[in-house]
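Below is one structure, written out as structure tokens; comments come after it.
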Number of protein chains: 2
Amino acid sequence: MNLLKGLEKEYYIEKYTIQSLFSFDISPFVQVFQFEKGNFIIQEGSAPEYLFYMVEGKAKLYVSHKNGKVSLINFLTPPIFMGEIELLNEEKYSKSIQTSSKCICLGIAIEKCKEKLLADAHFLKYLCIFLSNKSTAHSTKYTKHQAYPLENKLAEFILLSSHEDIYREKHTEISEYFGVSYRHLLHTFAQLSEAGMIEKIKMSYKILDREKLQALADEIK
Amino acid sequence: MNLLKGLEKEYYIEKYTIQSLFSFDISPFVQVFQFEKGNFIIQEGSAPEYLFYMVEGKAKLYVSHKNGKVSLINFLTPPIFMGEIELLNEEKYSKSIQTSSKCICLGIAIEKCKEKLLADAHFLKYLCIFLSNKSTAHSTKYTKHQAYPLENKLAEFILLSSHEDIYREKHTEISEYFGVSYRHLLHTFAQLSEAGMIEKIKMSYKILDREKLQALADEIK
DNA sequence: TCAAATATATGAGATATCTCCTATTATTAT
DNA sequence: ATAATAATAGGAGATATCTCATATATTTGA
């Protein structure tokens, strides 16, 4: 993890017009964090120090269970707040966030400006809209996931997460994301392969028939 | 639906200290609605007129599908905001809310005071906290529902929704709530009956063994 | 570099849940 | 009161998904 300074810092603050979220001068409280792939932005159980706003990169949200196992809950993409619930509720972090690529996050020191944030209608309005969209998105995802078999959801996911027709994600992680067993995920990959939509190449899958995959994905909603 | 006036109106406004949510005088904008059982508080597709805050009663949140079918999404209990997403995003209602008992709701005329609301840090902070709790609750529910079979979830639900050891809900509605087929819901009721935990009496079920039901429910999380 | 840990892979049988079908019983509207 | 509608009820067979077991390949850490 790197704290950017000087021109680099200014570059991101201006590019993403961070000031426009606030009605007071936020510059004394903003840090620009650069996280390398695999870094933890937030660790479960630790006390919140910053309200983060991710502007570049990709990250994953995890929760860990009593038995020590860890589940992938969601993929996070910018622009997104992280740690806003803890800002509002004075709790320790209940989830972890780990980057899956290099990430740029603006971090606002909570201790220094919690009062200012919670009294700034402009910021709060923005945060409300963010939370409300998050809630809507969550609802939609929940409905989808409840109503369709893995085959359809996986087709959609392969299309979304592949790069240049190559899908390369960890099965262990994806089975957790979908809340299905590892075994069943493999079954479903085998189905898609048999149907000629994808092909296994070494440790990854190549998309062979984008239309068929899309048709499967389109059965959802 | 009834608009309460005079002393009745004052009674509810004071009992639930509605003024404490705002930093400006809300009284000119508040109406107190009394809905009878079965009334719609919000109808999908209509334009939002009020931000509602339910303080007494019970209601159900529905969404309707392209094919005309309607699904129960959630049970709503006070204190709860309704229509807050539409206040924030200028959309028409995307869901319906129908009372399942007499309900008292405070209604704030959106047209008259949207600007004031969205500029009131005190109110916005409260709304943020509400939205953030909703999001957390939603997450928890989603995780549960994904991870456990209906038998456990139904046991929990029977305990929560029964009155004086009698469970009486419409199977059609509950199967939608859990996102399972009607047939499977009946199977599961039959299982619980065979195991001696409940007993069908006319159109309802009587709880026979609260501990066993509780044990099933406790397997969740 | 090698052992340990993690991830991939697949078979076999069990269970949860679905779809379709067909009656019967309540509820609602004319 | 009666016909129409909606809800309850359960059989039978199909499908989606799970658990457990076992083997191999890949990645990681000392």
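For clarity, every value in this text was computed on a predicted model and none was experimentally measured. So you know, we letter chains A, B, ... as the sequences are listed, proteins then strands, and number each from 1. Heavy atoms only: backbone and side chains are in, while hydrogens, waters and symmetry mates are out.
Heavy-atom distances to DNA chain C give each of B:G179 and B:R168 a nearest nucleotide, and the one nearer the 5′ end belongs to B:G179. For the pair A:Y205 and A:H187, nearest-nucleotide mapping onto DNA chain C gives the more 5' position to A:Y205. Projected onto DNA chain D by closest heavy-atom contact, B:K202 and A:Q191 fall at different nucleotides, the more 5' of which corresponds to B:K202.
In this structure, A:L150 atom CG and C:dT17 atom P are separated by 16 Å, rounded to whole Å. When the C1' atom of C:dT17 is taken as reference, atom CD of B:E151 falls 13 Å away, rounded to whole Å. One interatomic measurement links the two molecules: CD of B:E176 to P of D:dT8, which rounds to 11 Å at whole-angstrom precision. The separation between B:K153 atom NZ and C:dA16 atom C1' is 10 Å, rounded to whole Å. Taking atom NZ on A:K170 and atom P on D:dT28, their separation rounds to 7 Å, with Å as the unit. Going from atom OH of B:Y148 over to atom P of C:dT17 covers 14 Å, rounded to whole Å. When rounded to the nearest whole Å, the span between OH of B:Y167 and C1' of D:dT8 equals 13 Å. Atom pair B:L186:CG and C:dC20:P shows a separation of 17 Å (rounding to whole Å applied).
When the nucleotides D:dA9, D:dC18, D:dG10 are ranked by their closest atom to the side chain of A:V180, D:dC18 comes out on top. Closest approach to the B:M203 side chain among D:dC20, D:dA9, C:dT19 is made by D:dA9 (side chain taken as heavy atoms from C-beta onward).
Between D:dT8 and B:Y182, a contact under 4.0 Å exists linking OP1 or OP2 to a side-chain N or O. Taking only side-chain nitrogens and oxygens, A:K200 comes nearer than 4.0 Å to OP1 or OP2 of C:dA9.
Under the 4.5 Å side-chain criterion, counting only non-hydrogen atoms from C-beta, A:L216 is not in contact with A:E156.
You'll find the ring centres of A:Y16 and A:Y53 outside the 6.0 Å limit. Taking the six-membered ring where the residue is Trp, the centroids of B:F52 and B:F33 are separated by under 6.0 Å.
Comment: B:K9 does not engage B:E14 in a salt bridge, judged by the lack of any side-chain N to carboxylate O separation of less than 4.0 angstrom.
At the heavy-atom level, B:H184 lies under 4.0 Å from base atoms of the strands shown. Among the protein residues, A:T172 comes within range of the sugar-phosphate backbone only, with heavy atoms under 4.0 Å from sugar or phosphate atoms but none that close to a base.
If you run ring pair (Phe, Tyr, Trp, His ring centres under 6.0 Å) between A:F189 and each of A:Y167, A:F157, A:Y182, only A:Y167 comes through.
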